[in-house]
J.: 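Pasting a structure below so you can have a look.
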There are 2 protein chains.
Amino acid sequence: MALDNPTTQAAVTTADKVFEQMLHAIVNGTIKAGSKISEPELAKNYQISRSTLREALNRLEKCHLIERKANVGSRVVECSIAGLLEIYVVREALEGMACRQAAMNMTEDEIIEMRAMLKQHASAKALRDGISYYQEEGDLDFHYKVILGSHNQQLINILCGQLYHLVRMYRCQFGMNSPRATKAFDEHSRIIEAIADRDGELAEMLMRRHIAASRQNIEKKIALQQ
Amino acid sequence: MALDNPTTQAAVTTADKVFEQMLHAIVNGTIKAGSKISEPELAKNYQISRSTLREALNRLEKCHLIERKANVGSRVVECSIAGLLEIYVVREALEGMACRQAAMNMTEDEIIEMRAMLKQHASAKALRDGISYYQEEGDLDFHYKVILGSHNQQLINILCGQLYHLVRMYRCQFGMNSPRATKAFDEHSRIIEAIADRDGELAEMLMRRHIAASRQNIEKKIALQQ
DNA sequence: GTTTTAAAAAGTGTCGACAATTATGGCGTT
DNA sequence: AACGCCATAATTGTCGACACTTTTTAAAAC
């Protein structure tokens with residue numbers, strides 16, 4: 001499935017399942033950002049013991065979705081504009097480098113797969129009502145594939161394993177369906193071509209601009225609102 | 001203290017203390033890389049219950065120092081050349097960006113502090129026998145300060161909170177006292193000047209070259225050994 | 001002798017209870 | 001009425017025991 005994370009393995013233990021449930025709940029705001037987490041209450045809700053719940057909380061903490069203070073408890077992270085911009089800065093650096101590495105390390109098969117995916121996005125875009133699909137899951141798909149294409153486990157872990165949960169949380173809660181759909185599609189195309197040409201330097205530059213453009217788009221929006 | 005991490009708060013709970021002990025043990029190789037972790041055995045060694053130990057293991061997992069598989073157990077991460085190079089790639093991207101942000105966001109006081117630190121390193125270097133100090137803790141100090149100077153919490157968390165434990169582990173276990181001491185000192189100086197000039201673009205480029213040079217130094221060494 | 005199967009041992013996951021710490025609320029004082 | 005203090009309640013941290021999985025061991029079948 002598109003929104004499933006490439007790094008997470010199937011949830012076998014109950015703590016895993018509760019983690020996934022809470023993950024979705026936090027991402028889509030059912031568990032409110034900034035709210036305090038009551039261990040006894042949640043354990044009762046999910047019908048599990050506190051030990052199991054705490055195991056799930058530890059994984060949420062690994063994704064930086066909750067923060068814990070000793071002897072005080074856990075809170076869901078706040079969603080602030082400043083925090084969002086911070087994430088964009090990190091993404092610009094990491095995904096830019098991932099793109100450079102992808103240009104060096106992607107297999108021909110992976111490149112073919114990416115081109116096929118983009119073609120599919122293009123037809124979905126033509127359908128017009130498919131635009132929202134493209135923006136949400138399609139965009140994530142594209143970025144995932146580039147990151148995986150870097151073949152760098154550290155990059156993959158940081159980006160897919162933790163940062164992207166936060167990205168999805170912000171997208172959900174800020175309702176970000178930016179009007180950059182068409183533009184973003186063209187940018188994706190050029191990035192793939194740079195990767196296919198094995199031009200790491202260009203690929204990195206294009207990806208950085210692509211992400212920086214999204215960030216500046218948000219900065220502009222904020223400036224207008226004030 | 002130099003090697004203490006700026007992001008970790010004082011260890012109050014026993015799980016915290018065990019985490020710190022195990023952290024040091026893993027970093028310096030007392031607990032061998034790649035070895036399996038027996039919960040019952042370690043719990044007995046540290047004279048704590050398995051619950052508390054597992055809490056400590058969760059924090060080690062957050063730093064990517066151990067890896068867990070469901071119903072199987074934990075292993076200390078392996079130290080491979082490939083893994084080391086992967087980390088350098090991530091550092092080049094993240095610390096480069098951190099340096100750019102530092103040029104934008106550092107306060108004048110922080111810049112003064114950095115210059116003072118570098119002056120101290122210079123005198124230590126002049127002492128000759130201080131060289132090892134400069135290389136080990138001094139180098140980490142410099143990089144820490146730049147990262148903190150970015151004022152970007154996400155960057156700080158990823159770099160100081162998790163990646164740098166791995167870096168220290170590799171330094172310890174591979175015994176890396178690279179002969180780049182003098183060169184590195186000059187590079188540090190130029191980076192600080194770029195930050196002081198508020199030239200983010202140059203600062204990022206210099207930091208990336210600085211880290212890339214270290215990586216290439218290792219690649220060269222490896223090539224010679226083979 | 002090798003492979004398959006089954007039982008036993010060891011290890012991890014989960015639970016409920018107790019201990020230690022922090023938050024709450026009422027009381028008295030200023 | 002506002003502030004500080006103490007007792008109580010609630011929450012988090014830790015413990016030991018049990019349930020379930022995986023691994024090991026040994027026997028049985030081929």
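Side-chain atoms are counted along with the backbone in the values below, which use heavy atoms only and exclude waters and symmetry mates. Not measured: the values here are computed from a predicted model. Labels below follow one simple rule: chain letters A, B, ... track the order of the sequence lines, proteins then strands, and each chain is numbered from 1.
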J.: With R215(B), which residues qualify under salt bridge (Lys or Arg N to Asp or Glu O under 4.0 Å), at least two apart?
T.: E92(B), E219(B)
J.: Hey, can you pull the residues of residues 32-54 of chain A with a non-hydrogen atom under 4.0 angstrom from DNA chain C?
T.: I48(A), S49(A), S51(A), T52(A)
J.: Identify, with sequence neighbours excluded, every residue that meets side-chain hydrogen bond (donor to acceptor under 3.5 Å, both in side chains) alongside R91(B).
T.: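 If we apply the side-chain hydrogen bond (donor to acceptor under 3.5 Å, both in side chains) test to R91(B), skipping adjacent residues, the hits are E95(B), Y164(B).
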J.: Separation of K69(B) atom NZ from dG13(C) atom C1', in whole Å?
T.: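 Roughly 17 Å, once rounded to whole Å.
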J.: Taking heavy atoms of chain B and a 4.0 Å limit, find me the 5'-most and 3'-most nucleotide of DNA chain D within that range.
T.: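 First and last nucleotides in contact are dG13(D) to dT22(D).
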J.: Begin with the C-alpha distance, continue with both residues' side-chain angles, and end with the deciding distance and a verdict on ring-ring contact (aromatic ring centres under 6.0 Å, His included) for H24(B) and H165(B).
T.: CA-CA 9 Å; H24(B) 287 121; H165(B) 297 295; 9.0 Å; no
J.: Under the ring-ring contact (aromatic ring centres under 6.0 Å, His included) test, which residues partner Y88(A), sequence neighbours left out?
T.: none
J.: Check side-chain hydrogen bond (donor to acceptor under 3.5 Å, both in side chains) between S38(B) and all other residues, then give those that pass, not counting sequence neighbours.
T.: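 side-chain hydrogen bond (donor to acceptor under 3.5 Å, both in side chains) list for S38(B), sorted by chain: empty.
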J.: Does a side-chain N or O from T13(A) land closer than 4.0 Å to OP1 or OP2 of dT14(C), or not?
T.: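 Looking at the OP1 and OP2 atoms of dT14(C), one of them is under 4.0 Å from a side-chain N or O of T13(A).
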J.: Just grab all the salt bridge (Lys or Arg N to Asp or Glu O under 4.0 Å) pairs involving residues 75-84 of chain A, residues at least two apart or on different chains.
T.: none
J.: I need the full list of salt bridge (Lys or Arg N to Asp or Glu O under 4.0 Å) pairs touching residues 41-50 of chain B, with sequence neighbours left out, sorted by first then second residue.
T.: E39(B)-R50(B)
J.: For a quick test of your reading: what N or O donor-acceptor pairs under 3.5 Å do the side chains of residues 148-155 of chain A make, sequence neighbours left out?
T.:
from    : atom 1 : to      : atom 2 : distance (Å)
S150(A) : OG     : I147(A) : O      : 2.7
S150(A) : OG     : N152(A) : N      : 3.2
H151(A) : NE2    : E110(A) : OE1    : 2.9
H151(A) : NE2    : E110(A) : OE2    : 3.2
N152(A) : OD1    : Q154(A) : N      : 2.9
N152(A) : OD1    : L155(A) : N      : 3.1
N152(A) : ND2    : E86(B)  : O      : 3.4

